[in-house]
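Below you'll find the structure, written out as structure tokens, and then a few comments.
Letters A, B, ... are given to chains in the order of the sequence lines, protein chains preceding strands, and every chain is numbered from 1.
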There are 2 protein chains.
Amino acid sequence: MSKATRTPEGAFPGIRHDHGDCVAEALSAAEALCAQRGVRLTELRRRVFELVWSSHAPVGAYDLLSRLAREREGAAPPTVYRALDFLKEHGLIHRIESLNAFVGCRTPGQAHAGQFLICSECGMAAEIDDSRVNAAIDRRAKEIGFAVHSKTIEVEGLCPPCRDRAGEDGHGIG
Amino acid sequence: MSKATRTPEGAFPGIRHDHGDCVAEALSAAEALCAQRGVRLTELRRRVFELVWSSHAPVGAYDLLSRLAREREGAAPPTVYRALDFLKEHGLIHRIESLNAFVGCRTPGQAHAGQFLICSECGMAAEIDDSRVNAAIDRRAKEIGFAVHSKTIEVEGLCPPCRDRAGEDGHGIG
DNA sequence: GAATATTAGGTTATAATATAACATATCTTG
DNA sequence: CAAGATATGTTATATTATAACCTAATATTC
């Protein structure tokens, strides 16, 4: 199994996965990307990136701000939003439109749309990048004559563990 | 070609289409649906629905509010949001997450996700409902074991006329 | 048809998200 | 180091959305 493409089973990292590895991997990828592009992953941007990566659940800008404010006196909304803008611009994070929240990108540097499965129970988001989905949209757009710039694909539902848990509940006394 | 599924060419109604027909059709479909479900399409809800349908471009809640306020003294945010909630709940309108705006639904009453092509130039949105796109997402979700509840699919780009216009610009002096 | 419950809407306040505008600091480059 | 470019600090405000509580209209039951 290649390292580049994770298995579908890995879409939602288990509750016991070593998240430190996720963060470390993301950070080093981000550093490499910024170095390559000649842009600066400043301390602030790096810190905001780490905070976004603090879990696989998308996190709101003001959540980030309140955490940032603990360590950085005078942090204000623009502090966070500017860092987020930078990270987004360079494909290091994605914005989840349906949640007004941000999540780390699993495949930074690649041109990609960002397709997400988002669990409404536990909040976890899994980034998928399904070529069939992309192809189906592109095909349809082409039929219509629409020139695609970017795609927002956010699927809400239950991740495997939460789905199973919900199923158990349904089996009870009722 | 059946009447139920419009042609791809009709996805973006031309600038010269009879929009009164769109609104009239939408209204009568909404009335039928509400009657069938035994819910009330009150004067306020009906009016908000008409305002949402005032064009094929998604419209923000506060835009709706300012228009509503012209004819309804004391209209406030909840006035609009409650009507929008009702309309959304019954599948009469869709929320465009990437724009924080609302647009009339082309196929009310049917269970459907709502897939949109949105022109960043003119603002028009075309609702598509591509079964391949749906199938591709469902397939992928199934592989992962994710239980899909709802999908947000919003594709940003240029509608045919705006794409052509942009192309012309590109041919100039440069 | 009066009593009651339910649903819809009015009204005020405030929460949550995001950006504008301008000042200061830091980094880069000649 | 000087000059320009980039990044951040700071204050204010815009935009989007909801909470909470009250009144009015409609539906239901007796």
B:K88 meets the salt bridge (charged side-chain N to carboxylate O under 4.0 Å, His left out) criterion, sequence neighbours left out, with B:D85

From CG of A:D85 across to C1' of C:dT17 the rounded distance in Å is 13 Å

For residues 59-73 of chain A, the side-chain hydrogen bond (donor to acceptor under 3.5 Å, both in side chains) pairs (sequence neighbours left out) are A:R47-A:E71, A:S54-A:R67

A:L65 atom CG is separated from C:dT19 atom C1', nearest whole Å, by 14 Å

Taken to the nearest whole Å, CG/A:L68 to P/D:dA7 is 17 Å

Its contact letters, B for base, S for sugar-phosphate only and - for none at protein heavy atoms under 4.0 Å, make nucleotides 5-15 of chain C read ---SBBBB---

Quick note, salt bridge (Lys or Arg N to Asp or Glu O under 4.0 Å) partners involving residues 145-154 of chain B, not counting sequence neighbours, are B:D138-B:K151

Flag side-chain contact, heavy atom, 4.5 Å: A:T42 against A:F86:
no

From CG of B:N100 across to P of C:dA16 the rounded distance in Å is 16 Å

Atom CG of B:L64 and atom P of D:dT16 are separated, to the nearest Å, by 11 Å

Under 3.5 Å, which donor-acceptor pairs link side chains of residues 120-127 of chain A to any protein atom two or more places apart or in another chain?
| unit_1 | atom_1 | unit_2 | atom_2 | d |
| --- | --- | --- | --- | --- |
| A:S120 | OG | A:E156 | OE2 | 2.8 |
| A:S120 | OG | A:G157 | O | 3.3 |
| A:E127 | OE1 | A:R106 | N | 3.0 |
| A:E127 | OE2 | A:H94 | NE2 | 3.1 |
| A:E127 | OE2 | A:H112 | NE2 | 2.9 |

Rounded to whole Å, CG of A:L99 lies from C1' of D:dT16 at a distance of 16 Å

note: B:Y81, atom OH; D:dA20, atom C1'; distance rounded to Å ~ 18 Å

Between CD of A:E97 and C1' of D:dT15 the distance, given in whole Å, is 15 Å

So the ring-ring contact (aromatic ring centres under 6.0 Å, His included) pairs with at least one residue in residues 18-47 of chain B (sequence neighbours excluded) are B:H17-B:H19, B:H19-B:H56

